[in-house]
Number of protein chains: 2
Amino acid sequence: LPCVTVRVFSLNCWGIHYLTKHCHERFTMIGEMLCKEEHDIVLLQEVWSEKDYLSLKKKLACSHPHSHYFKSGVIGSGLAIFSKHRIHDTFIYRYSLNGYPYMTHHGDWFGGKAVGMAILNIGSLIANVYVTHLHAEYCREKDSYLPHRVVQAWELQQFVRNTSVGADVVILGGDLNMHPQDLGSRLLRSYTGLRDSYLETAQFDGCENGMTLIADNLFINKKDLVPFEKGIRIDYVLFKGSSKTNVYCDSMSTTKGSVPGHPFPYSDHEALTVELRMESHTPPEKVAELVNTVTEARTEVKVGLHCAERMRYTATRTGVMGLALLFLELAIAAVPWLALGAEQPFPRTSFYLLAALCFAILVTTSLLYIFYTMELKSLQEAEDEMRLALGSLQERLRGFPLAQAHNCSPEAQEPIAFEPEE
Amino acid sequence: LPCVTVRVFSLNCWGIHYLTKHCHERFTMIGEMLCKEEHDIVLLQEVWSEKDYLSLKKKLACSHPHSHYFKSGVIGSGLAIFSKHRIHDTFIYRYSLNGYPYMTHHGDWFGGKAVGMAILNIGSLIANVYVTHLHAEYCREKDSYLPHRVVQAWELQQFVRNTSVGADVVILGGDLNMHPQDLGSRLLRSYTGLRDSYLETAQFDGCENGMTLIADNLFINKKDLVPFEKGIRIDYVLFKGSSKTNVYCDSMSTTKGSVPGHPFPYSDHEALTVELRMESHTPPEKVAELVNTVTEARTEVKVGLHCAERMRYTATRTGVMGLALLFLELAIAAVPWLALGAEQPFPRTSFYLLAALCFAILVTTSLLYIFYTMELKSLQEAEDEMRLALGSLQERLRGFPLAQAHNCSPEAQEPIAFEPEE
């Protein structure tokens, strides 16, 4: 029986420019490490800036020719996947609850937290890979977000369970923001049957108790960890097989704070690397002809994209004009006020009315800007999914064989070369 | 080989109280008809008021002991399912795009359009049943919502395809707001492999060309149908089998405008009734123990529900106070204004400032009210799904057999009696 090995990497990148420390340098470090390590599947969270994703994509073009960035919400989901193996399908589920928009200092609401799914073919196996990031826990004693996080865990298990029936292997990685014995973790594991790499692994090398937020990390404020002085385990790689496939975790490792040869760690979270071995049979395959329909749909979505971009531009322009008008009014009013005693040229009522008008324009255009940004994100997400699906369909039409994976049988220990596409 | 027949009903109920004609009477008619007809699966759209759902639920308690109302968005999704067969799992996917909030006269945005899924056991078969309602088409020539509807069709096919892998039979019913040859329809059918009952049925009795929005319907304004004078087909029941099950459509019928013995039709849409026959083998079954975890999760969600209700109540109270203050101010200002010539008691600046404050309170509390309503909807949805899942789990624990279905083999033509639960 042939067996296949995949190495899975997961990291919360803490990628908020200007707010997190050494963001740019850390992404450079992460890119170099990923390029060198050549994991089969890389699951990243908190890649908030699309620019960082694009620069990673460029850097990993050879080692990881396939990738997807999941777009959602006002800022984005921050989720990204890089893969050595062909991604055949992607799908995003946005959690219905995710904190409150007015808790701006917590910021979770604006992130549009979600779970992203990618279906890969690893050799002859169908792998459903999920990457997610749940709402943060800011205060363990009085956690007002607990119901939201439980609903997220519930929706996550619903999504994984209902979308993974046809998969030979299921892999879920990400920052769950829950301890292993927290309600949400138990709900997720027990309902889906997903197993925890840390508990299953044959070999482990990393932080004590598999912790991923540790006191030894330079970026961690030790006070925030109390009462868990040494750290907590909130990042996971979970997996399961199927009736046709057995999956084993051969080894697992975590980073331990600082990175040898570098002045600081990759992130405030530790990175996970997991090696999974899969034993399987060969499932049958089907081919369908949809290329034209999907192409047409993609064109339609592009039309919508252009339209939304134009609308957002108009809103921006109107907003800028409102702002300019407001400044102009204030300037006209300020001149006689500075030259003390001079008569106000404005009737007071008109002054207030005009100011109110400018303010209303500003508020409306800001809301419209946010709305169009959300619309653009969703349109782009669909366009990306369609492009990817099209590539996969066209390849199938051309009769290409599915991308091959490492084969760990003794005769073929060498990884097979991959041709990057597009 | 045993075979099983199910009758599926689908109707867009046009259930907007005060805005649609004879809403209350029509729901009474619909309830009576459903109770008499005893379809296996009833898929309703535009049941915007939860009260209508609850009164239907009460009326159909004997004929359809299992039901689910899908909650989402500000108003709700309007989607409901009633079933003779045990519902084992439900899941909702909210479309990421659904029109614009400021197009209030179109109103789609506030509805939180979605696709609802319910997993039923019909005899020994697993049936994935979907009910959905896509964004309306207000102007076919210049359809500014087309990209949104295409994205909805895309997300619908993604959801159906990815969640139905384990199903023996897939049934999708609803108002797609698309003609059979429209891009979205083709995308949906060709990607999922779903087949159109109207095109597949052995027998058909109903409107010409299977139309579901017809000129002969009392509630239809004929001008709105131009250039399709006779009507259009935009409501569907789609289905497919699996590698283990073949599905055939034995008969299909639609209403034809007015209902015999009643003064007006059930809705502005026509209702569909489809009879599907399924031939199958018996799949294996698994049992899991999660009752405690799910119960705990449900408690947590309930805590969140109470909290959100309290917050919404606080927002309402603050809003009412803001409104009262505004009226008070206006009243105080109006008195001297009515008694002409009298001096204004208010300094003008304070007047404007106070009015602005009241206005700000009103806007903020209104936004908060909307937000908490959305939060409540999502929490209630999760709570409902959990309650349902719990019921199913507990039954499995007690070792009950799965609900049995009609068996159409010649020996057992009689429907088996159903015990209503809860």
* Start with the C-alpha distance between B:F159 and A:N162, add both sets of side-chain angles, then the distance that settles side-chain contact (heavy atoms from CB on, under 4.5 Å), and finish with yes or no. => CA-CA 9 Å; B:F159 185 71; A:N162 282 301; over 6 Å; no
* Winner by heavy-atom pair count (cut-off under 4.5 Å) against chain B, out of A:A167, A:G166, A:A356 -> A:G166
* To do: Could you check which of A:V151, A:L368, A:L97, A:L146 has the highest count of heavy-atom pairs closer than 4.5 Å to chain B?
  => A:L97
* Spacing of B:S96 atom OG and A:K71 atom NZ [to the nearest 0.5 Å] -> 12.0 Å
* To do: Measure distances from A:I119 to the heavy atoms of chain B and classify the residue's part below 4.5 Å as side chain, backbone, both or neither.
  => side chain
* **Rounded distance [0.5 Å steps], CZ in B:R94 versus OH in A:Y95** => 12.5 Å
* **is_close_aromatic(A:Y93, B:F91), centroid dist under 6.0 Å** => yes
* **Contact class of B:L367 relative to chain A, heavy atoms under 4.5 angstrom** => neither
* B:D89 side, atom CG; A:R161 side, atom CZ - distance, nearest 0.5 Å -> 4.0 Å
* Structure fact -> Heavy-atom nearest pair, A:G304 first then B:P147, reads CA-CG, 3.4 Å
* Do any N or O atoms from the side chain of A:E155 and from the backbone of B:I92 form a donor-acceptor pair under 3.5 angstrom? -> no
* To do: For chain B, find which of A:T349, A:N128, A:V303 contributes the most heavy-atom pairs closer than 4.5 angstrom.
  => A:T349
